[in-house]
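Here the structure is a predicted model, which is why all the values come from computation and not from measurement. Here is how names work: the chains are called A, B, and so on, in the same order as the sequence lines, proteins then strands, and each is numbered from 1. All heavy atoms count here, side chains included; hydrogens, waters and symmetry mates do not.
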Protein chains: 2
Amino acid sequence: MRQDLKSARTRDLLLDAAADVVRDVGAAKLSLDRVAHAAGVSKGGLLYHYPTKQALIAAMLDRTLARADHQLHQLADQNDRTSGSFAQAYLDYVRSGQPDELDSATGIFASAALDDGDLGPAQAQFSTWQNRLIDEDGIDPTLALLARVVGDGLWLIDLFGLAPPTKEQRGLLIDLIEDLLPEP
Amino acid sequence: MRQDLKSARTRDLLLDAAADVVRDVGAAKLSLDRVAHAAGVSKGGLLYHYPTKQALIAAMLDRTLARADHQLHQLADQNDRTSGSFAQAYLDYVRSGQPDELDSATGIFASAALDDGDLGPAQAQFSTWQNRLIDEDGIDPTLALLARVVGDGLWLIDLFGLAPPTKEQRGLLIDLIEDLLPEP
DNA sequence: TTTACTGTACCGACTAGACGGTTTTTACAC
DNA sequence: GTGTAAAAACCGTCTAGTCGGTACAGTAAA
């Protein structure tokens, strides 16, 4: 239906705007007025789609997690390994550095920082990834955990800007871990 | 001077209370009234010591970083290695899991989440640690970076509760990395 | 007629910070 | 030691403003 398409487009636009606001002025100054204005939509229009601020933030988080999950699975399918393909994907995901991961981070960040801060969906998603790595990736669980912790570590270090390593340092680190993984 | 002692005690008390508030109700609901009430002090009294909310948060962050830095150096002095003692300390710091690291995290978390979110001091501190690991620890820089990223990764995963690994998994992971480090 | 909005006005709750006043502690003269 | 004046530490209220959410009347399109 055209309405649904248009509606979905506006809803995505609103999430984009909310992510922009978080990136530009910080999660604490994420207000409905600001998001509506950034999206070129009236406050009433925003509330038509997301009736509460909590709903808006939950949607940001959902989209963030869905996108990351999709990209991880795509990366896992691309590399032709008999085992460790998900661990490999985890490393591939953070190899290059900060492309739009910062954008992706805003969902989690906003949800964590804001009022209720329901990180439940994020915790569930990370738990799923962790299980997939540990139980179903066919490699030593400790190696899988290593890939996961390094991946998440680099990603979170980038998110907060806590002295992120250079691209070269990052590349060497990931090379080192890939050498530990069994042959494809 | 006695004033200084008493004053310092109250200031510490206020920082403790602020950390409690962040832990109990979340960083977004950290208000001056709440902190003052939690500390058993009036709002005016709080503002006497920390004239703005920003100053209070900055002080939380400072104390958090100073404590972590102190503990890291203490751990580094304890282990008798000719090289890699700081990397070893980094791993020791996160081996056990969440003792009071969550408490330690509140400073960074609150600062990041709240209004201005000046993470400058934290970024500087992490940068100092990173340099110390890479340049002065006498081991392969990539191994040093590995210890750092795994340490920070586990710590940040704990902070957000993003499917933290069990104590056993954590122990095996750190054992694996310690095996990679050169003999003491 | 339904969907998808716009635009404005408004309410109640909350909050940072200012401010004037009060108690406690310290410094020092005697 | 004692009195005392000043400084430090602290109290409680008030103000100005923000923000989430509601309400509602209207509009354009399908």
Original post:
What's the verdict on salt bridge (charged side-chain N to carboxylate O under 4.0 Å, His left out) for A:Asp24 and A:Lys29, showing C-alpha distance, side-chain angles and the deciding distance?
Top reply: CA-CA 9 Å; A:Asp24 293 345; A:Lys29 297 202 173 180; over 6 Å; no
Original post:
Should A:Asp140 and A:Leu181 be marked as a side chain to side chain contact (heavy atoms under 4.5 Å, CB included) after you check the CA-CA gap, both sets of side-chain angles, and the distance that decides it?
Top reply: CA-CA 9 Å; A:Asp140 174 19; A:Leu181 295 182; over 6 Å; no
**OP:** Starting from the C-alpha separation in whole Å, work towards a yes-or-no answer on salt bridge (charged side-chain N to carboxylate O under 4.0 Å, His left out) for B:Asp20 and B:Arg23.
**Re:** CA-CA 5 Å; B:Asp20 287 345; B:Arg23 187 180 32 236; 2.4 Å; yes
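Here the P atom of nucleotide C:dA4 and the CG atom of A:Leu13 are 15 Å apart, to the nearest Å. For the pair A:Arg34 CZ and D:dG20 P, the computed distance is 9 Å after rounding to whole Å. D:dC10 atom C1' lies 11 Å from atom CG of B:Leu14, rounded to whole Å. Atom CZ of A:Arg9 is separated from atom P of C:dA4 by 12 Å (rounded to the nearest Å). Distance, B:Tyr48 OH to C:dG21 C1': 15 Å, rounded to whole Å. The nearest whole Å value for the distance from the NE2 atom in A:His37 to the P atom in C:dG7 is 11 Å. Computed from coordinates, the A:Asp33 CG to D:dG20 C1' distance equals 9 Å when rounded to whole Å. In this structure, A:Leu46 places its CG atom 14 Å from P of C:dG7, rounding to the nearest Å.
Using a 4.0 Å cut-off, no side-chain N or O of A:His49 falls inside it from OP1 or OP2 of C:dA4. Phosphate proximity of C:dC5 to A:Thr10: present, with a side-chain N or O under 4.0 Å from OP1 or OP2.
In this structure, the side-chain contact (heavy atoms from CB on, under 4.5 Å) partners of A:Leu72, at least two apart in sequence or on a different chain, are A:Phe86, A:Ala89, A:Tyr90, A:Tyr93, A:Trp129.
Among the heavy atoms of the strands lying under 4.0 Å from A:Ser31 are primed sugar atoms or P, OP1, OP2 only; no base atom is included.
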What's touching nucleotides 21-24 of chain D from the protein side, N or O pairs under 3.5 Å?
from	atom 1	to	atom 2	distance (Å)
D:dG21	OP2	A:Lys53	N	2.7
D:dG21	N7	A:Lys43	NZ	2.8
D:dG21	O6	A:Lys43	NZ	2.9

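When atom types are taken as modelled, the side chain of B:Arg34 and the backbone of B:Val21 share no donor-acceptor pair closer than 3.5 angstrom. Panel note: side chain A:Ser85, backbone A:Arg81; no donor-acceptor pair is recorded below 3.5 Å.
A salt bridge links A:Arg170 with A:Asp158: the distance from a Lys NZ or Arg NE/NH1/NH2 to an Asp or Glu carboxylate oxygen falls below 4.0 Å.
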